[in-house]
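Here's the structure, in structure tokens; my notes come after.
Predicted model only: the values in this text are computed from it and were never measured. Whatever order the structure lists them in is the order used to number ligands and atoms, beginning at 1. All heavy atoms count here, side chains included; hydrogens, waters and symmetry mates do not.
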Amino acid sequence: FGIIGCPVSHSASPLMHNTSFFELSMPSVYVPFYVKPENLADAVRGLRALGIAGFNVTIPHKETVLSFLDEVDPFARKVGSVNTVVNQEGKFVGYNTDGYGFVASLKEDLNFNFYGKSCVVLGSGGAARGILGALGEASLSELTLVSRNKKKAEALRFLIPDISFSAIQYDSEDLVECLSKADIVINTTPIGMGGLSEKSPVDNFSWVSTNQIVVDIIYNPRYTYFLKEAQSHGATIVNGVGMLAMQGVLAFKHFTQKDGSYQSLKKVIENSDLMI
Ligand code: NAP
């Protein structure tokens, strides 16, 4: 097994999957493969020739890999992103476990159920599409998607059918009201990581209340400026470690039909030197 990405050395997936193989006494191994965008077609052909059992896909290949697969499951096709590929008797079949992993991790950690809830999602990139696809099946009451570009956000309406949906920009006068009436606010932008660690997707935290859940899917750093501010204003906060571990558990299930331990994976990620 393995993971293809560029970069890939930061990935926690080898640690997670090798932990599960070890815990379940399985004679398998999982390794990272650094694959540049221009080499993706050759890399997938090579993985086929080598008879790899399965692989994960990370930035920047989650969208482009679809055209090199034999089958893509309907959810991954709908969200346009594959993070897990299983070699099913020579056929490469793609899945997406990011969105379902996100929803399942909140259920596991907080017993949070999206049914009837009001939700705000910040950002409309690849991770957001997976999350919106899963939320589209979770019977929310309403969802507001906040983007730098309203048209881009509007184009994702199809992922959340039958739910009251609005797309707004950060400069909208409705932003604070949408945030204040949300049960859960989810940051899917990269603002808060890397060179943006002192920044936050929103500057004003007057909307935060103690009965809200504020999530940042960034896991490195563990607690972004956005999460720290939300917590200091009384919200319950959740970082991206749970989503990361749960998408791994769901990928492992596709790979092996076995259940890895979500709690073990969270623990190995938290304790690893990959975390800052
Ligand atoms: P992506 O496809 O590049 O999308 C990020 C989105 O964030 C963009 O589409 C954009 O949305 C918004 N954005 C980017 N730069 C911005 C800026 N300067 N100001 C405001 N908005 C900005 O990236 P991704 O793959 O979705 O990943 C996003 C984040 O999620 C990363 O930090 C990644 O590490 C994290 N992630 C975590 C997990 C996990 O398991 N915990 C899984 C996947 C990703 P708009 O154009 O709509 O503004």
Exercise. Just going by heavy-atom distances, which of R148, M193, M243 is nearest to atom 16 (C) of ligand 1?
Worked result: R148
For this session: Show which atoms of ligand 1 fall inside a sub-4.0 Å distance from at least one heavy-atom site of I218.
Result: 32 (O)
Exercise. Going by the atom numbers of ligand 1, which of them fall below 4.0 Å from some non-hydrogen atom of K152?
Worked result: 9 (O), 11 (O), 45 (P), 46 (O), 47 (O)
For this session: Mind running salt bridge (charged side-chain N to carboxylate O under 4.0 Å, His left out) on K117 and E142 for me, showing each step along the way?
Result: CA-CA 7 Å; K117 297 292 195 312; E142 59 179 328; over 6 Å; no
Seminar exercise, completed: A student checking ligand 1 against L244 at a 4.0 Å heavy-atom cut-off should list atoms 40 (O), 41 (N)
Problem set entry | Sub-4.0 Å protein heavy atom next to atom 48 (O) of ligand 1 | yes
Exercise. Which residue owns the protein heavy atom closest to atom 37 (C) of ligand 1, what's the atom, and how far is it?
Worked result: I217 O, 3.2 Å
Exercise. Within a reach of under 6.0 Å around CZ of F22, are more than 12 heavy atoms found that belong to other residues, nucleotides or ligands?
Worked result: no
For this session: Return yes when atom CG of N271 has more than 12 non-hydrogen atoms of other residues, nucleotides or ligands closer than 6.0 Å, and no otherwise.
Result: yes
Exercise. Under 4.0 Å from atom 41 (N) of ligand 1, do we find at least one protein heavy atom?
Worked result: yes
Exercise. Is the closest N or O pair between I59 and ligand 1 shorter than 3.5 Å?
Worked result: no
Problem set entry | Heavy-atom nearest neighbour in the protein, as seen from atom 2 (O) of ligand 1, with distance rounded to 0.1 Å | G126 N, 2.9 Å
What pairs of donor and acceptor atoms, side-chain ones from residues 127-139 against any protein atom, are under 3.5 angstrom apart with sequence neighbours left out?
{"residue": "R129", "atom": "NE", "partner": "V79", "partner atom": "O", "Å": "2.7"}
{"residue": "R129", "atom": "NH2", "partner": "E63", "partner atom": "OE2", "Å": "3.0"}
{"residue": "E137", "atom": "OE1", "partner": "Y100", "partner atom": "OH", "Å": "2.8"}
{"residue": "E137", "atom": "OE2", "partner": "Y100", "partner atom": "OH", "Å": "3.2"}

Problem set entry | Aromatic ring proximity, centroids under 6.0 angstrom, F252 and F21 | yes
Exercise. Counting each atom of ligand 1 from 1 as listed, which ones have a heavy atom of G125 under 4.0 Å away?
Worked result: 2 (O), 4 (O), 6 (C), 9 (O), 26 (O)
Seminar exercise, completed: To atom 26 (O) of ligand 1, the nearest of P190, A127, A153, G192 on a heavy-atom basis is A127
Exercise. Under 3.5 Å, N or O to N or O, is S147 touching ligand 1 that way?
Worked result: yes
Please report, to 0.1 Å, the donor-acceptor pairs under 3.5 Å made by any side chain of residues 30-37, with sequence neighbours excluded.
{"residue": "Y30", "atom": "OH", "partner": "G2", "partner atom": "O", "Å": "3.3"}
{"residue": "Y30", "atom": "OH", "partner": "N56", "partner atom": "OD1", "Å": "2.6"}

Problem set entry | Electrostatic pair E154-K151, nearest N-O below 4.0 angstrom | no
Exercise. Heavy atom of N149 under 4.0 Å from ligand 1?
Worked result: no
Exercise. For ligand 1, which atoms, with element, lie under 4.0 Å from some heavy atom of S124?
Worked result: 9 (O), 11 (O), 45 (P), 46 (O), 47 (O)
For this session: Hey, could you give me the NZ/CD distance between K152 and Q169, rounded to the nearest 0.5 Å?
Result: 11.5 Å
Exercise. Which bit of I191 is near ligand 1, meaning a heavy atom under 4.0 Å away: side chain, backbone, both or neither?
Worked result: side chain
Exercise. Without hydrogens or angle criteria, can the side chains of T189 and N187 be said to hold a donor-acceptor pair below 3.5 Å?
Worked result: yes
Exercise. Among protein heavy atoms, which sits nearest to atom 29 (C) of ligand 1, and what does the distance come to when rounded to 0.1 Å?
Worked result: T188 O, 3.6 Å
Problem set entry | Residues D70, R48; criterion salt bridge (charged side-chain N to carboxylate O under 4.0 Å, His left out); working and verdict | CA-CA 11 Å; D70 302 305; R48 243 180 234 285; 2.9 Å; yes
